[in-house]
Amino acid sequence: MTRTTRAQRETLFRLWKRATDGAPHPATYREFRETAQPVFFGDGAICVPWLGMFVCIEPDGYSHT
């Protein structure tokens, strides 16, 4: 599993929760978190596939597509 900051984990949880609100989701939060990969330029950001796109999450928790 990729190392993450607390802020990144909080953002990952919010994304997972948004994807599962009102609909059954096959992945648990832990399974979703395991899909996170480090971004290639090595500044501590991670990238996770989410609803057909990739979301990057900076070490401070800021997320963007």
| Is it the case that one hydrophobic cluster holds both Tyr62 and Met53, taking links as side-chain heavy atoms less than 4.5 Å apart, direct or via other members? | no

| Short question: side chain of Glu58, backbone of His64 - any donor-acceptor pair under 3.5 Å? | no

| said: Tell me whether Thr11 contacts the main-chain N or O of Ala7 through its side chain, where contact means a donor paired with an acceptor under 3.5 Å. | reply: yes

| field | Thr65 side-chain N/O to Phe54 backbone N/O, donor-acceptor pair under 3.5 Å | value | no

| request: State whether the side chain of Ser63 and the backbone N or O of Cys56 hold a donor-acceptor pair below 3.5 Å, judged by distance alone. | output: no

| field | Sequence-distant partners of Arg18, salt bridge (Lys or Arg N to Asp or Glu O under 4.0 Å), two or more places apart | value | none

| Side-chain touch Val48/Phe32, heavy atoms, less than 4.5 angstrom | yes

| field | By side-chain contact (heavy atoms from CB on, under 4.5 Å) - contacts of Arg3 (at least two apart) | value | none

| query | With sequence neighbours left out, what residues match Tyr29 under side-chain contact (heavy atoms from CB on, under 4.5 Å)? | reply | Arg9, Leu12, Phe13, Trp16, Arg33

| Quick one: CD1 on Ile57 to CZ on Arg14, what's the gap to the nearest 0.5 Å? | 8.5 Å

